[in-house]
Amino acid sequence: MSDETMRWAPAVPAVDHPGGALRRWASGWWSVVHLVLHPVALALHVTALVLLVTGTALVPVLGTGFLLLVPARLLVAAGAHLERYRLAAVLDVRVPASGPCPVRGPWWRRLVLDPRPWRRAGHLALVSTFGVLGAGVVLALAGTGLAALAAPAVSAGLGHAGEYSWPFGVPGTLRAPALLVVAGGVLLLALTPPVARAFTAVEVLTARALLGPGRGEREAVLRRRVETLTETRSRTVDSVEAERRRIERDLHDGPQQRLVSLAMQLGMAKRALDRGGPDAARGFLDAASSSASAAISDMRHVARGIHPPVLTDRGLDAAVSALAAASPVPVDVEVHLPPGERPSSTAEAIAYFCVSEALTNTAKHARASRAVVQVWHEAAPGAGLLRLRVSDDGVGGAAPAGGTVADGGSGLRGLGDRLAAVDGWLHLDSPPGGPTVLEAAVPWTVGGAR
């Protein structure tokens, strides 16, 4: 699946725990930092806006505006990228980038009519006005608050105790108790973070509306997702049916034949017991015991192919280690998951069978001397992703869908469809000569949290 899924809405806590209001107030100082940084990028934003407007206005004049539109678009894109980076770095708000140009036609038509630069320019204009205004307001609040805290000491040192000058060059003086001035300073500092959060909330809303994908792009993304899910659902149904037939075949060729043999041997043991006593039936009973043990072993083998008990009982680390121990190729295992946490059972099963299929392909086709399995948790919007990587030093040449070029590449196609159906993805890089690297990701809580 692509990375176009947009899940950036922050989770809203159901219960406001004690201290939550204080934490929100403290985090509001990051909004102050974000606003104070606005003037730093002001020159870039204003230059980009002037070039864009001037270039567009001069396009009808013998096309001279095109000379300005190219650098203007580059500067607008750079400004938008800078704003997305600042939002992510300071406020931890991630805004996805917009998609490809929605305008079709010759290059000059796309250059002039592409709506994305204008949407980005609208955000830069807001940042250059409303954002700078917010920076001035919070600086005035914080600066006045700090000055009020220091004013009693400064006035006493100058011999004017109880008499204070008004801030921002306002004429006249103020006579007030020192305690009241200090209380006013504390109040102004306390108001600074909420005011800053109000300004940045407006900016975040406009950034998501103007810097992110437009309505048409979001609809196109949804259409592609519907098409992809329709295709993967059909292939998943086919793969489930193929898996059902495989299990049926394994049961028929293994445990069922063993049980038929066991029934025949028990029948012969019964007749031998009636004719010749216990000594005559002993050989048939020994054969029946061997058949029963073989049937149990076959059933365990089939059950491991459906869902290994070690995965349910001990988790992914132990299950992957068991796969590595059973592999004819030496395998190094690195599992780094949050202590005390496990992904959903669906995510664990998909990751397990991805590793199992990859190690099977390595043993059958790669002619490798060593393989490495890495499993880890990756932070992402929501609960994150369960990531895995399987690499080997073999001959390479595996097909993108799994397996090898020689066998048509069918080994991992079903797992790829299964991953795509749950918003995961599978990628295989296997150039001729190697190495082969398979990477996959599955949502941590797919199918419901454990």
Side-chain angles (χ1 to χ4, degrees), residues 8-10 12-13 16 19-49 76 78-95 119-155 164-174 176 178-212:
W8 303 110
V12 178
D16 192 6
L22 181 60
R23 285 194 297 270
R24 285 196 301 273
W25 179 86
S27 66
W29 287 102
W30 287 110
S31 297
V32 175
V33 173
H34 180 78
L35 290 173
V36 170
L37 290 175
H38 275 316
V40 177
L42 186 60
L44 172 65
H45 297 346
V46 172
T47 303
L49 291 172
V76 167
H81 180 74
L82 175 62
E83 291 305 312
R84 279 197 297 267
Y85 176 79
R86 286 203 308 124
L87 288 170
V90 181
L91 300 181
D92 197 25
V93 174
R94 292 166 177 80
V95 179
R119 294 172 56 226
R120 295 166 183 164
H123 180 70
L124 297 186
L126 177 76
V127 168
S128 302
T129 54
F130 184 79
V132 173
L133 173 64
V137 170
V138 298
L139 283 175
L141 287 174
T144 305
L146 292 174
L149 292 179
V154 174
S155 296
Y164 312 97
S165 299
W166 289 99
F168 308 114
V170 177
T173 57
L174 170 68
L179 184 60
L180 181 61
V181 174
V182 171
V186 172
L187 178 61
L188 291 176
L189 288 176
L191 289 175
T192 301
V195 171
R197 287 175 68 95
F199 277 100
T200 54
V202 175
E203 185 177 335
V204 168
L205 289 176
T206 56
R208 285 176 171 154
L210 299 176
L211 297 185

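Quick caveat: nothing in here was measured; it's all calculated off a predicted structure.
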Exercise. Should we count CH2 of Trp29 as having more than 12 external heavy atoms under 6.0 Å?
Worked result: yes
Exercise. Closest heavy-atom contact between Pro39 and Leu35?
Worked result: CD-O, 3.7 Å
Exercise. Where is the tightest heavy-atom contact between Leu37 and Val90, given as atom of each residue plus distance?
Worked result: CD1-CG2, 4.3 Å
Exercise. How long is the span from the CD atom in Glu83 to the CG atom in Leu126, to the nearest 0.5 Å?
Worked result: 9.5 Å
Exercise. Can you check whether Pro193's main-chain N or O pairs, donor with acceptor, with Trp25's side chain at less than 3.5 Å?
Worked result: no
Exercise. Can you tell me how far OG1 of Thr144 sits from CG of Leu187, rounded to the nearest 0.5 angstrom?
Worked result: 12.0 Å
Seminar exercise, completed: Correct closest heavy-atom pair for His45 and Ser128 would be CB-OG, 3.4 Å
Exercise. Tell me, do Leu133 and Thr129 make a side-chain contact under 4.5 Å, heavy atoms counted?
Worked result: no
Side chains of residues 197-206: which donor-acceptor pairs under 3.5 Å do they make with residues two or more places apart or in other chains?
{"residue": "Arg197", "atom": "NH1", "partner": "Arg24", "partner atom": "O", "Å": "3.4"}
{"residue": "Arg197", "atom": "NH1", "partner": "Ser27", "partner atom": "OG", "Å": "3.0"}
{"residue": "Thr200", "atom": "OG1", "partner": "Ser31", "partner atom": "OG", "Å": "3.2"}
{"residue": "Thr200", "atom": "OG1", "partner": "Ala196", "partner atom": "O", "Å": "3.1"}
{"residue": "Thr200", "atom": "OG1", "partner": "Arg197", "partner atom": "O", "Å": "3.1"}
{"residue": "Glu203", "atom": "OE1", "partner": "His38", "partner atom": "NE2", "Å": "2.8"}
{"residue": "Glu203", "atom": "OE2", "partner": "His34", "partner atom": "NE2", "Å": "2.9"}
{"residue": "Thr206", "atom": "OG1", "partner": "Val202", "partner atom": "O", "Å": "3.2"}
{"residue": "Thr206", "atom": "OG1", "partner": "Glu203", "partner atom": "O", "Å": "2.8"}

Exercise. Checking side chain to side chain contact (heavy atoms under 4.5 Å, CB included) against Thr192, which of Val137, Leu146, Leu139, Leu141 comes through?
Worked result: Leu141
For this session: State which residues pass side-chain contact (heavy atoms from CB on, under 4.5 Å) with Ala207; sequence neighbours excluded, sorted by chain then number.
Result: Leu87, Val95, His123, Leu211
Seminar exercise, completed: To the nearest 0.5 Å, atom CG of Leu49 lies from atom CZ of Arg120 at 13.5 Å
